[in-house]
Amino acid sequence: MVDLAELLSRRALDVAPQLLGVVFAHRSPEGVVAVRITEVEAYSGDGSDPAAHTHRGPTPRNKVMFGPPGTLYVYFSYGMHWCANVVCSPHGSGEAVLLRAGEVVDGIEVARRRRPAARRDVDLARGPARLTRALAITGADNGRNLLDPRCTMHLSPRAPVLEKSQVRTGPRVGISKAVDLPWRFWLDVEPTVSESRKPRV
DNA sequence: CCTTTGATCATCT
DNA sequence: GATGATCAAAGGT
C-alpha cells in the first residue's frame, strides 16, 4: 500500500505499525531466509523516550541510529544476542523501530539449521534475538542500508493492507524506563508473538 | 501453564 | 562496577 522509502520517511511511531506484515529477506551463501514481521517496537528520538538508546545523545554504539532512514542499527545485547532496528526519519533524529518477531515465510530449512533450539517453527523468529539469528544478522550488518539495491537484505517494497483491528498495541518489553508508553505493535491472532506478552484489554 | 536462574560481555557511569 | 530493547533450561503448579 505504501512505498517503502516513503514509509521510512516518517517518524518511528508512524512507521512501526506499518512494518507489520512486511517481509524482511536476507540472501546469503546458505540461501534466502525471509520473515514476515509480526511484532515491533518504536523508539523515539525526540527526547520524549528515555528508553531509546539515543536518549543521551550520540555514542560509539548508537551513532548509526542517527543515520539516514533505512539504516540497520544492530546492537549486542546481554553479552550474547544481536537485535536489529530499522532507522526512521528525519535523518539525524535517532529514531528507529526494533524488529521483535516474525514468521519465517521462506528458507525454513536454513532457518531451522540456524535455530536448532527452536522446538516449533513459530519459535524460529519469535523474539528479537531469535529473529536476528534466523536471518543471520550480526554486528557486521550494523550500518547497512535496506534501501540500497545492492544490499543483501531488503524489505518487501509494499506493505500489506491491514485491518485496523488486526494491529494491537501495548507496552514495550524488557525496558526499565518509560515502561507505560504503548509503543509496541503486533499482529493479533499471531502464534509468533508470545501469548504472555499480549496484555489483555 | 508459570516462575526462576544462569549464561556472558559491551557499554556507559 | 552495574546494567541491559534476551534466551533457554529447569523445576514447580
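Treat the numbers as computed from the prediction; the structure is a model and nothing was measured. Each chain gets a letter, A, B and so on, in the order its sequence line appears, and its residues count up from 1.
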- Query: Should A/T59 be listed as having a side-chain N or O under 4.0 Å from OP1 or OP2 of B/dC12?
  - Reply: yes
- Using a strict cut-off of less than 4.0 Å between a Lys/Arg side-chain nitrogen and an Asp/Glu carboxylate oxygen, indicate whether A/R172 and A/D49 qualify as a salt bridge. yes
- Message: Applying a 4.0 Å non-hydrogen cut-off, can you work out what A/R61 is touching in the nucleic acid: base, sugar-phosphate, or nothing?
- Response: sugar-phosphate
- Message: As a test of reading the structure: which of C/dG4, C/dA5, B/dT13 is closest to the side chain of A/R56, going by heavy atoms?
- Response: B/dT13
- Query: Side-chain N or O of A/R100 less than 4.0 angstrom from OP1 or OP2 on C/dT6?
  - Reply: yes
- Note on the structure: Taking C/dA5, B/dT8, B/dC12 as options, the one with an atom nearest any side-chain atom of A/Y73 is C/dA5
- Task: Answer with base, sugar-phosphate or nothing: what part of the nucleic acid does A/R115 contact at a heavy-atom distance below 4.0 Å?
- Result: sugar-phosphate
- Query: Taking CZ from A/R126 and C1' from C/dA8, how many angstroms apart are they, rounded to a whole number?
  - Reply: 12 Å
- Below 4.0 angstrom from OP1 or OP2 of C/dT3, is there any side-chain N or O of A/S176? no
- Task: Measure the shortest side-chain to side-chain distance between A/L20 and A/V40 over non-hydrogen atoms and say whether it is less than 4.5 angstrom.
- Result: yes
- Item | Partner nucleotide, any strand, of B/dC1 [Watson-Crick/G-U, under 3.5 Å] | C/dG12
- Item | Which residue lies more 5' along DNA chain C, comparing A/R119 with A/G174 via nearest heavy atoms | A/G174
- Using both distances under 3.5 Å as the test, list the Watson-Crick or G-U wobble partner of C/dA5, or none. none
- Spacing of A/F76 atom CZ relative to B/dA7 atom C1', expressed in whole Å: 11 Å
- Task: State whether A/R133 places a side-chain N or O below 4.0 Å from either non-bridging phosphate oxygen (OP1 or OP2) of C/dT6.
- Result: no
- Query: Base, sugar-phosphate, or nothing for A/A129, non-hydrogen atoms under 4.0 angstrom?
  - Reply: sugar-phosphate
- Rounded distance [0.5 Å steps], CZ in A/F185 versus CZ in A/R100: 13.5 Å
